[in-house]
Structure formats: structure tokens, C-alpha cells
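Read through the structure below, which is laid out as C-alpha cells, and then see the notes.
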Amino acid sequence: MSCVLDEDTFRLCCQHILHHSDTLRDGWSWELAQGSEEGYLRKTSLRSYTVGPDFLSDGLAGDRPRAPLSAESLGEAVEQQLELPSSQEEDDDDDDGACDVSEGSSRACQTEYHVLYSCSYNTPVLYFQTYTLDGRSLSLEDVWRSIPPNYRQRLQHSPWDTITQQEHPLLGQPFYVLHPCRTEDFMRPVMQAALRESRGVNYVVTWLSVVGPVVGLEVPLSYSTLVPAPSHPTPAPPAARCSPGPADTPD
């Protein structure tokens, strides 16, 4: 069982996710890019975000420089989350002084999540954008402010490397993205354990269950227990191979 993901298997994993989503009616859909056979998983959700008094109203913080795309802290955080789940009490203790982001007010926001395939990393990638109900987009600082405390404390040393703003490779619009360069590192032990136990794993479900909660995307347990691993009795439907976009360029 490979620790990386080919594009056909990605599509098969997504098909199983969509089938289960139809049962739950929780909003996942498959969207095709205009004029292309390439597509992505899409879901929107409504939740409360804590925003600062100076959060931007004119786009996705486009005038702020971004750090290089190392994202090592994301891999470290999810590895710790898989191996050593923290209790809520520990999370509260760990969060003391964990981040110097100032407190703000709470606002209802809509977040749109996209799951794409990265040809460069051979892994899924999570893109997202968040808006207030009056259409104003959240800055990166506001997104960071709303990361759950247990993740925030572990990612505090390099938050701008883990979540960055990039152009969506299929839509050409600015989105935030969880960088995929450490995905293989934290997925390898999961896939190796499944191989030892002769147990099938839906790669996208497992990956999304780990990285989704970092940015408020919760995956119901039934996805892990009921969504099957893909099989390859026949090839996946033909589709155009993706070409690397801004987020697909390896470091």
C-alpha cells in the first residue's frame, strides 16, 4: 500500500466520499473547472469566527508578504495529534500564551472548502476561503485566530508557513491553502499500519480527518467507519491530467 496517492485513486476515493455524503446530506459535491475535465471536492459551512477590529474588507490580505512554503509545522502538529491526542484540559493549559493574536469579536462566516489533487506532491490539498455574511473576506490573522487551541499552540512558531494565500490552480482566484509538503510524512505511518493489518484505507478520508479540523472542517466518524477504500478492478473514468499551479510547485 503506497504512502502517496495517484490521481485515479484520488478520484475513486472522492467518489466514495460523495456517495456517503449523499446518504448524510452534508453538502459535499464534485465541481468541474470551467472548460476542463479537472475537478475538485467542494463543501461550504457556516460557523463563528473571531475577527480583529481591523480585519480587511477589500480582499484576501493581498498586500501582505507571505513566508516561504515550508509548512513543516503542519506535519509536526498532525503527527502529534495522531499519536498523542490531548484532553480538553491539556489544550486549555497549553494555549496559555500560545499565540499573541489579539482578541476580537465573533462573527458568523461562511467557509468554502475545496479538495484538489496535487500532481507535484501526489497528495490531496485543502484550499479554503472564508467570508462574513456581508461579503468581507477574513485576513490570514483572523483565520489563524480561529484555529482550535490544541492546533494553534503546536503551529504557533510558523503559522504563515502552514496556511498561506495562493491562487487556486483551477479557478485562478485567491484562496488560503494548507500546504501539502508534509502530507506524505504523517500519512506514511497510517498507511503502513493499515498494510500490516490488511485493512483498507480511504486515503482522502483519513487525510481530511486529520487536516480538516485545523481550519474548522470536521469530518463525521461515519466517513472513517463506512466509506470504503478504493479498489481498481477497472480504470477510473478518463480525465485530463492536472498541470501544476502556483500551489503545486515543490519547495
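Throughout, numbering of the chain's residues begins at 1 and tracks the sequence.
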For a side chain to side chain contact (heavy atoms under 4.5 Å, CB included) check, start with the C-alpha distance between L24 and Y223, then their side-chain angles and the critical distance, and finish with the verdict. CA-CA 10 Å; L24 297 182; Y223 276 93; 3.6 Å; yes
Would you check, one step at a time, whether the test side chain to side chain contact (heavy atoms under 4.5 Å, CB included) holds for D22 with W28? CA-CA 8 Å; D22 287 342; W28 283 106; over 6 Å; no
Step by step, work out the salt bridge (charged side-chain N to carboxylate O under 4.0 Å, His left out) result for D142 and R145. CA-CA 5 Å; D142 292 321; R145 186 182 282 109; 2.5 Å; yes
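P228 meets the side chain to side chain contact (heavy atoms under 4.5 Å, CB included) test with H16; sequence neighbours excluded. Legend: residues meeting side chain to side chain contact (heavy atoms under 4.5 Å, CB included) with R25, ordered by chain and number and at least two apart, are absent. Partners of Y40 by ring-ring contact (aromatic ring centres under 6.0 Å, His included), not counting sequence neighbours, listed by chain and number: H114, H168. Remark: E197 engages R199 in a side chain to side chain donor-acceptor pair (under 3.5 Å) (not counting sequence neighbours). A search for side chain to side chain donor-acceptor pair (under 3.5 Å) contacts involving S48 returns S106, not counting sequence neighbours. Residues that satisfy the salt bridge (Lys or Arg N to Asp or Glu O under 4.0 Å) test with E31, not counting sequence neighbours, are absent from this structure. For A33, the side chain to side chain contact (heavy atoms under 4.5 Å, CB included) partners are S36, L170, not counting sequence neighbours. R42 is linked by a salt bridge (Lys or Arg N to Asp or Glu O under 4.0 Å) to E112, counting only residues two or more places apart in sequence or in another chain. By the side chain to side chain contact (heavy atoms under 4.5 Å, CB included) test, C13 is found to be paired with T9, N202, Y203, V204, P230, residues two or more places apart in sequence or in another chain being considered. The side chain to side chain donor-acceptor pair (under 3.5 Å) check on S21 picks up D26, with sequence neighbours excluded.
Between Q15 and H19 the shortest side-chain heavy-atom distance does not fall below 4.5 Å. With a 4.5 Å cut-off on side-chain heavy atoms, F10 and P124 count as touching. Between L208 and L41 the shortest side-chain heavy-atom distance does not fall below 4.5 Å. Looking at L138 and R107, their side chains never come closer than 4.5 Å, going by heavy atoms from C-beta outward. At least one side-chain heavy atom of T162 sits under 4.5 Å from a side-chain heavy atom of L178.
In this structure, L140 is a member of the same hydrophobic cluster as L126, with clusters built from ILVMFWY side-chain heavy atoms closer than 4.5 Å. L226 and V219 are assigned to two separate hydrophobic clusters, defined by single-linkage of ILVMFWY side chains at heavy-atom distances under 4.5 Å. V227 and L18 end up in the same hydrophobic cluster when Ile, Leu, Val, Met, Phe, Trp and Tyr side chains are linked at under 4.5 Å.
Q34 CD: 12 or fewer foreign heavy atoms inside a 6.0 Å radius.
Apart from L133 itself, the hydrophobic cluster it occupies contains L46, where clustering links Ile, Leu, Val, Met, Phe, Trp and Tyr at side-chain heavy-atom distances under 4.5 Å.
Although no hydrogens or angles enter the test, the distance criterion places no donor-acceptor pair under 3.5 Å between the side chain of Y121 and the main chain of R182. Listed for the T183 side chain is a donor-acceptor partner under 3.5 Å among the backbone atoms of P180.
Identified under the side chain to side chain donor-acceptor pair (under 3.5 Å) test for residues 206-222, with sequence neighbours left out: H20-S222.
Donor-acceptor pairing under 3.5 Å is lacking for the side chains of T130 and Y176.
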